[in-house]
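In what follows, every heavy atom counts, from backbone to side chain, and hydrogens, waters and symmetry copies are set aside.
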There are 2 protein chains.
Amino acid sequence: MPHPLPSGPEQRPIATVDIVIVTLSEGALRLGLQRRDREPHKGELALIGGYVRPEEDGDIEASARRILADKGRLTGLYLEQLRSFGGPSRDPRGWSISIAYLALVPEATLRAAETRGAPPFELIDPDRCPRLPFDHGRIIAAALQRLRSKASYSTLPAFLLGSQFTLPELKSVYETVMGTPLNDSAFRRKLMEMHILEEVEAKAAATAERKRPAQLYRLAKETLTEFDRTV
Amino acid sequence: MPHPLPSGPEQRPIATVDIVIVTLSEGALRLGLQRRDREPHKGELALIGGYVRPEEDGDIEASARRILADKGRLTGLYLEQLRSFGGPSRDPRGWSISIAYLALVPEATLRAAETRGAPPFELIDPDRCPRLPFDHGRIIAAALQRLRSKASYSTLPAFLLGSQFTLPELKSVYETVMGTPLNDSAFRRKLMEMHILEEVEAKAAATAERKRPAQLYRLAKETLTEFDRTV
DNA sequence: ATAATAGTGTCTATCAGACAATATAGT
DNA sequence: ACTATATTGTCTGATAGACACTATTAT
């Protein structure tokens, strides 16, 4: 059943990108949300997002990175596409598609962005997240599901830490993201066997309460590594 | 740096859906491709795809199912979203977004669709696939990667079989998709322990060359099940 | 009976978790 | 020396793979 060609621009859906920024604050996962600076839903807490701009973006990831830079003063983050959401009622402006991204950022990077003039990020506990505009609740659910399911067989959680970290810190992030305690010696054994870490020629500072300083490591590869087993 | 609002329809990217149809023919994975019935690339072999139609589709999956039904006479398939691809040059008509889907279909269903009037599907060996128009090669690569990586911990390969199948058949599909031989007794043990199969009160037919008939099973759940371990 | 595939039982190697033992540095 | 955390070593239980053995049905 042939239809009139719906190729004309007037019949195209709106195309946007929404980015779920996840960070780690005081050992717990937090969503980095901002208050919207324009209608619709001006002033409400929401994911950062924006239009795909054909005239300037080379691809969709470029749209996402432009939006992160413009609205969050954030560059160089770990970023991965989640999936796309579409429908007539998810945005009051009309039938829209949102390509959702997950971004992981160390808290210090987020704070530094605010210092450089980014509108403030509110760090929201995903378990206590208020109802959000559009379908941002659904998008966040997809992001957390991806983060949790991919954590155990990849270096994903490491992108919530800075470039150097100790093994106990790394283990703690895995535990936080996965929501389950891990065995100490098994964790070390596996990470060492997989050769995904490199020693840094320095140790973390000891303090009054953190007696023995731990060895610092960095990721051997700057990009995500997937394992053939779980941590 | 505020821009003129790119919200007007005239600045929206083209929004399309492309579907990677995968089937199993003579024990091997095959792509179900059709020759394009219109420009651009009319007459060339390609994925089936089409526009997202805001005026009639309830969401993006509805677009995909409409396209499967219209161009392939296919309904009720296993369908999952892969990811979206976008850019200025992937489609000669302009800056476009394609939301890619993976569809799994038993070969008999594909043949039945042709009998009902669908344009013929050519079953292409993914390892011998000619260069395809648009960025369909990339989309197919993403589909195969998803299929292969998800196979070992889910019921995904079962959707390449009909509604009833024997354990040796199921094991063979897993082996084909994963590209590696599996241990017979371990395969049975695990599938039985996970309770994802139900016995059907019938056995497969024996033949001259297939002596002992095997027990038939069906999936206990019609939808995809993910395991907490591998097969 | 024989052939061929379906299905079961058992042994073993591997790997993850438990946990004890040791190491290091601040106080 | 004492404390707290980091790191290593060893034991044990669970599980996957190898493979031999039994079962079933057509010829």
Side-chain angles (χ1 to χ4, degrees), chain A residues 26-27 151-154 157-158 161-162 164-176 178-218 226-231, chain B residues 26-27 151-154 157-158 161-162 164-176 178-218 226-231:
Chain A
E26 295 170 8
S152 65
Y153 62 90
S154 75
L161 295 173
Q164 300 187 359
F165 44 79
T166 69
L167 268 182
E169 283 167 354
L170 186 61
K171 172 171 172 270
S172 169
V173 184
Y174 272 92
E175 289 175 330
T176 298
M178 295 168 63
T180 172
L182 294 174
N183 183 279
D184 199 357
S185 59
F187 183 79
R188 280 171 187 280
R189 202 164 46 208
K190 293 186 215 177
L191 288 189
M192 290 309 164
E193 283 173 8
M194 293 192 289
H195 301 296
I196 57 167
L197 299 181
E198 291 180 344
E199 273 194 20
V200 174
E201 66 316 324
K203 299 202 170 194
T207 69
E209 287 308 292
R210 300 187 66 78
K211 305 287 189 169
R212 175 177 171 180
Q215 180 62 49
L216 283 171
Y217 294 89
R218 73 165 77 89
E226 296 193 17
F227 317 144
D228 52 2
R229 55 172 172 174
T230 68
V231 294
Chain B
E26 294 170 10
S152 64
Y153 62 91
S154 74
L161 295 174
Q164 300 187 0
F165 44 80
T166 69
L167 268 182
E169 282 167 355
L170 187 61
K171 171 168 172 274
S172 169
V173 184
Y174 272 92
E175 289 174 331
T176 299
M178 295 167 62
T180 172
L182 294 174
N183 183 280
D184 198 355
S185 60
F187 183 80
R188 282 171 185 280
R189 203 165 44 207
K190 293 185 215 180
L191 288 188
M192 290 309 163
E193 283 173 8
M194 294 192 291
H195 301 294
I196 57 167
L197 299 181
E198 292 181 344
E199 272 194 20
V200 174
E201 65 315 326
K203 300 201 172 197
T207 70
E209 288 309 292
R210 302 184 66 76
K211 304 289 186 168
R212 176 175 168 180
Q215 179 63 49
L216 283 171
Y217 294 89
R218 72 165 80 88
E226 296 192 18
F227 317 145
D228 53 2
R229 55 173 172 174
T230 68
V231 294

For the helix from C:dA1-D:dT27 to C:dT27-D:dA1, what is the angle between the axes at its two ends, each from 5 pairs, rounded to 10°?
10°
I need the residues from residues 167-174 of chain A with at least one non-hydrogen atom less than 4.0 Å from DNA chain C; give them sorted by number, or say none.
none
How about A:L170 and A:Y217: do any of their side-chain heavy atoms sit closer than 4.5 Å?
no
Sequence neighbours left out, what passes side chain to side chain contact (heavy atoms under 4.5 Å, CB included) with B:E26? Give chain and number order.
none
Contacts under 3.5 angstrom, residues 185-192 of chain A side chains, donor-acceptor by atom type, not counting sequence neighbours:
unit_1: A:S185; atom_1: OG; unit_2: A:N183; atom_2: OD1; d: 3.1
unit_1: A:K190; atom_1: NZ; unit_2: A:T230; atom_2: O; d: 3.4
unit_1: A:K190; atom_1: NZ; unit_2: A:V231; atom_2: O; d: 3.4

Hey, where on DNA chain D does chain A first and last touch, going 5' to 3'? Cut-off is any atom under 4.0 Å from a heavy atom.
D:dT3 to D:dT10
If every non-hydrogen atom of B:T166 is compared with every non-hydrogen atom of B:A204, which pair is closest and at what distance?
CG2-CB, 3.7 Å
Tell me the closest heavy-atom pair linking B:A151 and B:Y174, and the distance in Å.
O-CE2, 3.2 Å
Would you say the side chain of B:F227 lies within less than 4.5 Å of the side chain of B:I196, judging by non-hydrogen atoms?
yes
For B:E198, check side-chain hydrogen bond (donor to acceptor under 3.5 Å, both in side chains) against everything at least two apart and list the hits.
B:R218
Considering only residues two or more places apart or on different chains, which pairs with a residue in residues 191-210 of chain B satisfy ring pair (Phe, Tyr, Trp, His ring centres under 6.0 Å)?
none
Indicate yes or no for a side-chain donor-acceptor contact from A:S172 to the backbone of A:P168 under 3.5 Å, with no hydrogens or angles considered.
no
Got a sec, which residues hit salt bridge (Lys or Arg N to Asp or Glu O under 4.0 Å) with A:E175, two or more places apart in sequence or on another chain?
A:K171
Contacts of B:K203 that satisfy side chain to side chain contact (heavy atoms under 4.5 Å, CB included) - sequence neighbours left out:
B:P213, B:Q215
Under the salt bridge (Lys or Arg N to Asp or Glu O under 4.0 Å) test, residues paired with A:R229 that sit two or more places apart:
A:E193
Provide, to the nearest angstrom, the distance between the CZ atom belonging to B:R188 and the C1' atom belonging to C:dG9.
13 Å
What string of B, S and - do you get for nucleotides 16-27 of chain C, 5' to 3', if B is base contact, S is sugar-phosphate-only contact and - is no contact with any protein heavy atom under 4.0 Å?
BBBB---BBSSS
